[in-house]
*Asks:* 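I'd like to ask some things about the structure below.
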Amino acid sequence: MRVQDKVVVVTGAASGIGRAMALRFAEEGAAGILVADLDEAGAAAVAERIGDRARAVRADVSVEDDVRAIVDTAERSLGPIALFCSNAGIITGHGVEEATDEEWSRTLAVNTLAHVYAARAVLPAMVERGGGYLLNTCSAAGLVNCPGDAPYAVSKAAAISFAEWVAIHYRARGIGVSVLCPQGVRTGMMREDLEDENLTARAVISSGAVLEPEEVAGHVVEGLDAERFYILPHPEVAGFFQMKA
Ligand code: NAI
């Protein structure tokens with residue numbers, strides 16, 4: 001999978017990893033880039049930086065109609081979507097005793113159900129065209145439970161499981177699926193935590209280094225070549241999680 005001359009969608013693209021991916025896809029020669037985010041001004045700024053090939057859409061990925069609107073806008077104004085990056089995510093910072101029902105519902109909706117809505121919205125047309133690619137941003141916290149945020153860890157583990165389900169069931173229909181499982185990336189979500197020496201040490205031990213979002217985007221561009229279900233940027237665990245079917 002190469003993004004050159006292709007239409008790509010990135011959610012959560014106003015900042016952090018999503019922003020870095022959208023800008024990197026532009027550098028790689030994508031024909032069209034749909035920048036979607038709850039943060040309308042942030043999405044517009046990223047689209048403006050890319051130029052004519054980009055469109056910005058304000059969307060809440062926890063709302064299925066919004067995700068359908070992302071897909072409609074991309075296909076109408078840019079062309080058939082080759083790659084959909086479901087990347088938006090939130091944290092609560094709360095453990096089991098502190099997290100409220102509202103936080104559980106919201107986190108599961110944004111971090112897990114949004115991937116389901118994206119798959120429902122893009123897969124039929126991709127299958128009809130004979131292929132497509134989904135990249136779902138999950139987290140190392142969904143592979144190895146991290147202390148701290150209970151709803152986050154559960155939502156990301158479920159998101160990994162969902163991506164693997166799609167990979168297995170749609171592989172024969174030309175759909176590639178990868179999950180991005182970063183840890184310790186210097187973004188708005190992690191900046192404060194990374195000031196904490198203990199957390200920084202943990203990130204460095206498990207992934208080799210605290211990464212900049214641009215480095216993650218580089219792993220993504222390389223990893224999209226993988227023909228199998230692939231966990232990025234953790235090649236050391238990819239063997240375990242490669243396609244079973
Ligand atoms: P970030 O906070 O910089 O970016 C997240 C973006 O998602 C923001 O622009 C935000 O406005 C948007 N967003 C939040 N809720 C939304 C919604 N309901 N609808 C649409 N957009 C929404 O954080 P970062 O780090 O770039 O996060 C991107 C993804 O990477 C997330 O899924 C996160 O869980 C994941 N991740 C990040 C790690 C890190 O160390 N930074 C580690 C592991 C996973």
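All values below come from the heavy atoms of this structure, side chains included, with hydrogens, waters and symmetry mates left out. For ligands, and for the atoms within them, numbers begin at 1 and follow the listed sequence.
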*Asks:* Can an N or O of Asp39 be found at a distance shorter than 3.5 Å from an N or O of ligand 1?
*Replies:* no

*Asks:* How does Thr187 reach ligand 1, by side chain, by backbone, by both or by neither, if only non-hydrogen atoms under 4.0 Å count?
*Replies:* side chain

*Asks:* If only side-chain N and O atoms count, and only distance matters, is there a donor-acceptor pair under 3.5 Å linking Tyr133 with Ser178?
*Replies:*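 Result is yes, a qualifying pair exists.
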
*Asks:* Before signing off on this row, confirm whether Ala13 and ligand 1 have an N or O atom pair separated by under 3.5 Å.
*Replies:*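 N/O-N/O distance under 3.5 Å: no.
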
*Asks:* Ignoring hydrogens and geometry, is there a side-chain-to-backbone donor-acceptor pair from Glu103 to Thr100 under 3.5 Å?
*Replies:*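 Between the backbone of Thr100 and the side chain of Glu103 there is a qualifying donor-acceptor contact (under 3.5 Å).
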
*Asks:* As an exercise, state the distance from CZ of Arg49 to CZ of Arg19, rounded to the nearest 0.5 Å.
*Replies:* 5.0 Å

*Asks:* What I want to know is whether Ile17 and ligand 1 share at least one N or O pair that is separated by under 3.5 angstrom.
*Replies:*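 Among all N and O atoms of Ile17, at least one is under 3.5 Å from an N or O of ligand 1.
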
*Asks:* Hey, which atoms in ligand 1 end up nearer than 4.0 Å to a heavy atom of Met189?
*Replies:*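 Going through ligand 1 atom by atom, the ones under 4.0 Å from Met189 are 2 (O), 23 (O), 25 (O), 27 (O), 33 (C), 34 (O).
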
*Asks:* Ligand 1 and Ser62, any nitrogen or oxygen pair closer than 3.5 angstrom?
*Replies:*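 Not met; the criterion fails.
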
*Asks:* Could an N or O of ligand 1 be found under 3.5 Å from any N or O of Leu38, whether backbone or side chain?
*Replies:*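 For ligand 1, there is an N or O atom that lies under 3.5 Å from one belonging to Leu38.
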
*Asks:* Would you say the side-chain atoms of Thr11 pair up with the backbone N or O of Ala88, donor to acceptor, closer than 3.5 Å?
*Replies:* yes

*Asks:* With backbone taken as N, CA, C and O and side chain as the heavy atoms from C-beta onward, which portion of Ala59 lies under 4.0 Å from ligand 1: side chain, backbone, both, or neither?
*Replies:* backbone

*Asks:* Donor-acceptor pair, Glu222 side chain versus His219 backbone, under 3.5 Å?
*Replies:* no

*Asks:* For ligand 1, note which part of Cys138 has a heavy atom under 4.0 Å away: side chain, backbone, both or neither.
*Replies:*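 The part of Cys138 near ligand 1 is the backbone, not the side chain.
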
*Asks:* With no hydrogens and no angle check, is any side-chain donor or acceptor of Glu75 less than 3.5 Å from a backbone partner on Ile81?
*Replies:* yes

*Asks:* I need the atoms of ligand 1 closer than 4.0 Å to a non-hydrogen atom of Tyr152, numbered in the order shown.
*Replies:*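 Atoms satisfying the 4.0 Å criterion: 33 (C), 34 (O), 35 (C), 36 (N), 43 (C), 44 (C).
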
*Asks:* Regarding ligand 1, does Ser139 bring an N or O atom to under 3.5 Å of one of the ligand's N or O atoms?
*Replies:*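 In fact, backbone or side chain, Ser139 has no N or O that close.
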
*Asks:* Nearest to atom 5 (C) of ligand 1 by heavy atom, Gly89, Gly16, Ala141: which?
*Replies:* Gly89

*Asks:* Looking at Cys181, is its backbone amide N or carbonyl O close enough to the side chain of Ser139 to form a donor-acceptor pair, meaning the two atoms are under 3.5 Å apart?
*Replies:*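 No; zero donor-acceptor contacts below 3.5 Å.
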
*Asks:* Does Gly42 have a heavy atom less than 4.0 Å from any atom of ligand 1?
*Replies:*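 Flag not set, Gly42 not near ligand 1.
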
*Asks:* Side chain, backbone, both or neither: which part of Lys156 has a heavy atom under 4.0 Å from ligand 1?
*Replies:* side chain

*Asks:* Does some non-hydrogen atom of Arg106 fall short of 4.0 Å from ligand 1?
*Replies:* yes

*Asks:* Under a 4.0 Å heavy-atom limit, does His115 contact ligand 1 with its side chain, its backbone, both, or neither?
*Replies:* neither

*Asks:* Could you state the interatomic distance from CG (Leu108) to CD1 (Ile90), rounded to the nearest 0.5 Å?
*Replies:* 9.0 Å

*Asks:* Is there a donor-acceptor contact under 3.5 Å from the side chain of Asp37 to the main chain of Ala13?
*Replies:*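 Flag set: sc Asp37 to bb Ala13 pair under 3.5 Å.
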
*Asks:* What I want to find out is whether Lys156 reaches Asp149 closely enough, with some N-O distance under 4.0 Å, to be called a salt bridge.
*Replies:* no

*Asks:* Using a plain distance cutoff, I'd like to know if Val61 has any nitrogen or oxygen under 3.5 Å from a nitrogen or oxygen of ligand 1.
*Replies:*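 By distance alone, the answer is yes.
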
*Asks:* Of the side chain and backbone of Thr11, name the one, both, or neither that has a heavy atom under 4.0 Å from an atom of ligand 1.
*Replies:* neither

*Asks:* For Ser155, does its backbone N or O pair with a side-chain atom of Thr112 as donor and acceptor, under 3.5 Å?
*Replies:* yes

*Asks:* Any idea which part of Val110 is under 4.0 Å from ligand 1, heavy-atom wise: side chain, backbone, both or neither?
*Replies:* side chain

